[in-house]
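Computation of the quantities below employed the complete heavy-atom set of this structure, encompassing side-chain atoms and omitting hydrogens, waters and symmetry-equivalent molecules. Chain letters run A, B, ... following the sequence lines, proteins first, then strands; residues in each count from 1. Please read these numbers as outputs of a predicted model, since none were measured by experiment.
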There are 2 protein chains.
Amino acid sequence: MSNTARTIMLVDDHAVVREGYRAMLQKQPGLSVVAEASDGVEAYRLYKETGPDLVIMDLSMPGIGGIEAIRRLRQWDKRAKILVFTMHQNAAFAVQAIRAGASGYVTKTSPPETLVHAVMDALSGKIAISPDIDHELALSHLAGESAAADLLTAREFEVLRMLLAEKTTDEIAEALHLSPKTVANLHSLIKDKLGVGTDIELVRLALRQGILTQVDLGER
Amino acid sequence: MSNTARTIMLVDDHAVVREGYRAMLQKQPGLSVVAEASDGVEAYRLYKETGPDLVIMDLSMPGIGGIEAIRRLRQWDKRAKILVFTMHQNAAFAVQAIRAGASGYVTKTSPPETLVHAVMDALSGKIAISPDIDHELALSHLAGESAAADLLTAREFEVLRMLLAEKTTDEIAEALHLSPKTVANLHSLIKDKLGVGTDIELVRLALRQGILTQVDLGER
DNA sequence: CCACCGTCGTGAAATTTTCCCGGCAGCGGC
DNA sequence: GCCGCTGCCGGGAAAATTTCACGACGGTGG
């Protein structure tokens, strides 16, 4: 193993968090932060420029989100190592991140040692998942709550996304060139497949599963 | 003015963020971090113990949320200075925080200088609002979007909260000792008053206004 | 070829949403 | 007291919707 420092890039839209990373990683010998980005596109640019050994990335960011950023980085460099470090204690997000090519998923509530361990694991090629997410994953399995994306057909998922984003049944019908009646049928079928009774439950489920994110909704 | 260091307590459930605060504040002479808490009740306990000059507090925390924590701190010490530092770029939250007794509201996306300035302002008794929230406030005024809590009567608000939390109309009716018919009428009236057409829009509005928070929903 | 699945739509029944209504209680003004 | 106003509670009926059963069509795979 080389004894030069391993290089790290930080990606987080909150300056205070990046400061925190630095403070925590500085204590660790053999690590060196070589770049910082505050959003996905900047991360992409800086990765190509500096080619760090590891990227530590948040998920919730302006512009392209973290998941999409991971995907693009891995497309550019198939061997990029990306450790997700996020506030979302949510198994669905973790699954999405790993599928997109992340090497690990650690929540921000974890103690500093967990992050350091995960960094080491990721650098040595292991996949690191923080314990709370392991627990989450186990829970959602036990609850039999499969991912909505798997239960629904492509068409149904499309309608679901529009239901959550757009407004009325009629608007969706027009956008998708369907009869309003069909949209209503789909809407009903979706709720049935997902096992929810009301639209409100539907939104909550979508939030949990990361189909809808907070930024899509309220927070302008 | 005394030339002893001003004391600060940090409240945030993410260890990495607390590290970030420290790193940013350390560069500033005359400030000293004397306590750290990771949730509302711990903050309350430590405040009584250490009596800091200023509290820097996040809003989204496990257990009692930040707003409630502010309220309790101010109840214990009417002159407590509390600076909210949060990821929520949301005017409704800012209004709630200030009403609860906060001395300022700064978002985590702000550059470090903004935090430092806000700390100084808060220490000298001024109320500091970060520019993006000012802008948000102006926007929501222009949009004529008044707070839901002001538009609705107490009863209506009660039903709204239950609609967002509970399940069916019938369950709410029973919990509130009302006829299902009345709940349905209220439900309709609420949507009318709030100017939304569908339940999904209702949830989104509630999220924006901070009536519902993410922790109430999905993220278990 | 045939069975199966996803897609799209119709029709009709069941349910919900909406709108309009009246009664009742509290509250301030005259 | 009396009046007007507002909030609260529900009934009734029309309108819209959700739900369910059903059929058609194209693709896919055994």
(request) Kindly write out the residues that satisfy side-chain contact (heavy atoms from CB on, under 4.5 Å) with Thr198(A), not counting sequence neighbours, or none if the list is empty. (result) Ile200(A), Glu201(A)

(request) Go through the structure and list residues passing side chain to side chain donor-acceptor pair (under 3.5 Å) with Tyr44(A), not counting sequence neighbours. (result) none

(message) If you assign each of Glu156(B) and Asn185(B) to its closest nucleotide in DNA chain D, which residue comes earlier from the 5' end?
(response) Glu156(B)

(message) Using the side chain to side chain donor-acceptor pair (under 3.5 Å) criterion, which residues pair with Thr182(A)? Sequence neighbours excluded.
(response) none

(message) Counting only heavy atoms and a strict 4.0 angstrom limit, can you tell me which residues of residues 168-182 of chain A come near DNA chain D?
(response) Lys181(A)

(request) Report the residues that fulfil salt bridge (charged side-chain N to carboxylate O under 4.0 Å, His left out) with Lys181(B), sequence neighbours left out, ordered by chain and then residue number. (result) none

(message) Could you work out, with ring pair (Phe, Tyr, Trp, His ring centres under 6.0 Å) as the rule, every residue matching Tyr21(A), not counting sequence neighbours?
(response) Phe85(A)

(request) Mind checking side chain to side chain donor-acceptor pair (under 3.5 Å) for Thr107(B) and listing every partner two or more places apart, or none if nothing turns up? (result) Thr109(B), Ser110(B), Asp132(B)

(message) Tell me which pairs pass salt bridge (Lys or Arg N to Asp or Glu O under 4.0 Å) where either residue lies in residues 189-199 of chain B, with sequence neighbours left out.
(response) Glu156(B)-Lys193(B), Lys191(B)-Asp199(B)

(request) Under 4.0 Å from any heavy atom of chain B: name the first and the last nucleotide of DNA chain C that qualifies, 5' to 3'. (result) dT18(C) to dC19(C)

(message) Considering only residues two or more places apart or on different chains, which pairs with a residue in residues 169-179 of chain A satisfy salt bridge (Lys or Arg N to Asp or Glu O under 4.0 Å)?
(response) none

(message) I'd like the 5' and 3' limits of the part of DNA chain D contacted by chain B, with heavy-atom contacts below 4.0 Å.
(response) dG7(D) to dA13(D)

(message) Suppose we screen for side-chain contact (heavy atoms from CB on, under 4.5 Å). Which residues come up paired with Ala37(A), at least two apart in sequence or across chains?
(response) Val11(A), Glu42(A), Ala43(A), Leu46(A)

(message) Check this for me, if you would: do Arg155(A) and Glu158(A) make a salt bridge, where the nitrogen-to-carboxylate-oxygen distance has to be below 4.0 angstrom?
(response) no

